[in-house]
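Note that the structure is predicted; figures quoted are calculated from it, not measured. FYI, side chains are in, hydrogens and waters are out, and symmetry mates aren't considered; it's all heavy atoms of this structure.
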2 protein chains.
Amino acid sequence: MVQTVIPKATAKRLPLYYRYLNFLYNAGKKKVSSTELSEVVKVDSATIRRDFSYFGALGKRGYGYDVETLLNFFKKTLNQDHLTNVALVGVGNLGHALLNYNFQQTNNIRISAAFDVNPEIAGTIQSGVPVYAMDDMVNQLKIQQIDIVILTVPAEDAQAVSEQLIQAGIKGIMNFTPMRISLPANVRVQNVDLANELQTLIYFLDHYSKKDKLHHLQSS
Amino acid sequence: MVQTVIPKATAKRLPLYYRYLNFLYNAGKKKVSSTELSEVVKVDSATIRRDFSYFGALGKRGYGYDVETLLNFFKKTLNQDHLTNVALVGVGNLGHALLNYNFQQTNNIRISAAFDVNPEIAGTIQSGVPVYAMDDMVNQLKIQQIDIVILTVPAEDAQAVSEQLIQAGIKGIMNFTPMRISLPANVRVQNVDLANELQTLIYFLDHYSKKDKLHHLQSS
DNA sequence: CAAAACCTGTTATACTATTAACAAATCATT
DNA sequence: AATGATTTGTTAATAGTATAACAGGTTTTG
């Protein structure tokens with residue numbers, strides 16, 4: 001039952017499957033069943049089989065899935081067979097931490113340029129990444145043909161900076177600010193709202209009882 | 001239609017509503033309609049009305065919602081009327097950045113203790129937060145009655161450290177490591193998987209067309 | 001080789017979430 | 001006070017997600 005468009009929920013789990021398949025492969029495992037995989041990724045085995053089935057028949061009945069085959073399949077599907085360059089805007093505390101985060105090792109993603117208003121760090125190299133002034137941003141993004149940006153600027157600058165990013169032809173923004181930015185519909189925004197997540201965790205602890213089935217699941 | 005248990009999807013949006021209500025209140029706004037709120041938080045107005053209705057009739061037909069009333073209601077509901085202390089385990093790059101993140105200002109959450117294996121920083125104060133050695137962790141968490149932890153240790157230590165956290169009686173873990181940890185069902189885990197989110201964003205850009213309705217929504 | 005054990009892919013079902021639509025109520029205006 | 005403009009709260013319709021169950025195969029074992 002091969003489909004062109006995969007459910008959003010499934011798409012969100014793909015990188016997780018890929019990561020764990022890598023672990024299994026590196027551990028020398030040849031095959032894996034949906035039940036085994038379920039135990040490590042904490043996703044119901046039926047959900048895993050359904051997720052995989054959107055891509056066709058990847059497994060073998062009575063056997064399971066061949067780890068290497070599956071790994072290679074997802075590598076292509078997730079575009080992990082070539083390096084993806086992204087930029088980071090706002091080299092503050094969080095920005096700095098992300099410059100040091102090794103996206104390349106597991107995900108073949110590299111932060112190849114950073115931007116900041118602070119004239120003291122513009123022009124320097126931070127954690128191996130060249131930092132440019134904001135004035136150069138639109139230009140550099142175009143030259144370097146980057147279309148994905150990690151946004152770690154102060155909340156009050158989020159909207160203005162985002163509008164500049166649109167000028168630069170950016171297609172996706174991973175938004176770490178607490179603001180919901182207004183953008184054209186063809187630009188995809190992925191909000192990573194840390195305070196929100198923590199607050200939600202607290203809310204769940206306060207309002208959902210211990211025997212609640214929710215507690216068996218882990219949230220994204 | 002007052003309910004005791006609110007849908008998970010609704011619960012996740014509450015902190016966002018609360019944050020924006022604060023903005024509106026501080027801007028001197030007295031009332032707000034679901035349509036107005038919808039424009040700033042990027043959530044359908046019908047969804048907002050439905051979300052609010054789980055808590056009873058908070059608004060007035062033909063008028064909208066009284067900002068102050070709504071704000072105070074959510075303040076209580078989200079436990080933001082008192083300070084919540086949490087701990088952070090693993091003072092690396094990301095850990096450090098989170099110590100500097102001001103959770104208290106908007107969310108009345110404070111990181112009141114941190115823990116790290118590095119003997120050079122154990123015993124010091126980092127960004128205003130005392131750092132303890134890992135040997136003291138279980139004891140300190142019990143003494144300080146902390147039941148929520150932000151986990152920013154290296155991936156390979158995630159499971160072992162988590163098991164210690166269980167010993168300390170922790171009830172919730174915000175897991176920044178790329179590992180899915182195995183824990184008793186009564187402990188709630190909120191996974192914040194940065195590489196995963198970035199990878200998902202890339203997948204969406206590659207596989208969903210511009211005219212796709214998905215692009216009008218913003219992901220959590 | 002036959003029987004038992006195993007495991008996928010899919011069908012059927014249940015659950016969860018979103019959104020359109022509108023009656024009922026309030027507000028603003030003349 | 002009557003009319004028209006708003007806006008909620010909810011009902012009904014739709015969309016999206018998860019999972020149980022099992023037929024149809026494969027592998028393993030006696």
| task | Check if the side chain of B:Arg50 and the base of D:dT10 share a donor-acceptor pair of N or O atoms closer than 3.5 Å. | result |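 Between D:dT10 and B:Arg50, which were checked side chain against base, a qualifying N/O pair under 3.5 Å is absent.
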Between [X] ([atom1]) and [N] ([atom2]), how many Å, whole number?
X	N	atom1	atom2	answer
B:Lys8	D:dG16	NZ	P	18 Å
A:Leu70	C:dT8	CG	P	11 Å
B:Asp44	C:dA20	CG	P	6 Å
B:Lys12	C:dT18	NZ	C1'	15 Å
B:Ile48	C:dT19	CD1	P	11 Å
A:Leu58	C:dT8	CG	C1'	11 Å
A:Ile6	D:dT17	CD1	C1'	15 Å
B:Arg13	C:dT16	CZ	P	15 Å

| query | With sequence neighbours left out, what residues match B:Lys75 under side-chain contact (heavy atoms from CB on, under 4.5 Å)? | reply |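 Listed in chain order: B:Tyr18, B:Asn72, B:Gln80, B:Asp81.
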| message | Restricting to side-chain contact (heavy atoms from CB on, under 4.5 Å), what partner residues turn up for A:Val129, sequence neighbours left out? | response |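 side-chain contact (heavy atoms from CB on, under 4.5 Å) list for A:Val129, sorted by chain: A:Leu99, A:Ile111, A:Ala114.
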| request: At under 4.0 Å between heavy atoms, which parts of nucleotides 22-30 of chain D does protein reach? Answer with one letter per nucleotide, 5' to 3': B base, S sugar-phosphate only, - none. | output: -BBBBS---
| query | Reckon B:Thr10 touches a base, only the sugar-phosphate, or nothing at all at heavy-atom distances under 4.0 Å? | reply |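 Answer is nothing: B:Thr10 stays at 4.0 Å or more from every strand.
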| For B:Thr35, which contact category applies under a 4.0 Å heavy-atom criterion: base, sugar-phosphate, or nothing? |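 B:Thr35: no heavy atom of the nucleic acid under 4.0 Å.
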| message | Applying side chain to side chain donor-acceptor pair (under 3.5 Å), can you list everything that pairs with B:Asp44, at least two apart in sequence or on another chain? | response |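 B:Asp44: no side chain to side chain donor-acceptor pair (under 3.5 Å) contacts found.
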| message | Checking A:Asn107 now: which residues fulfil side chain to side chain donor-acceptor pair (under 3.5 Å) with it, not counting sequence neighbours? | response |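 For A:Asn107, the residues satisfying side chain to side chain donor-acceptor pair (under 3.5 Å) (neighbours in sequence not counted) are B:Gln199.
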| said: Heavy-atom count check: over 12 atoms from other residues, nucleotides or ligands less than 6.0 Å from A:Gln145 CD? | reply: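 No - once you tally the heavy atoms of other residues, nucleotides and ligands closer than 6.0 Å, there are 12 at most.
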Given [N], is OP1 or OP2 found less than 4.0 Å from the side-chain N or O atoms of [X]?
X	N	answer
B:Tyr54	C:dT16	no
B:Thr47	C:dT18	no
A:Tyr65	C:dC6	no

| Qualifying residues under ring-ring contact (aromatic ring centres under 6.0 Å, His included), relative to B:Phe115, sequence neighbours excluded |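 B:Tyr132.
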| Verdict with reasoning, B:Glu163 to B:Gln159, per side chain to side chain donor-acceptor pair (under 3.5 Å) | CA-CA 6 Å; B:Glu163 281 164 21; B:Gln159 183 64 39; 2.6 Å; yes
| query | Between A:Asp51 and B:Gly59, which is nearer to the 5' end of DNA chain D once each is assigned its nearest nucleotide? | reply |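 Its nearest nucleotide being more 5', the pick is B:Gly59.
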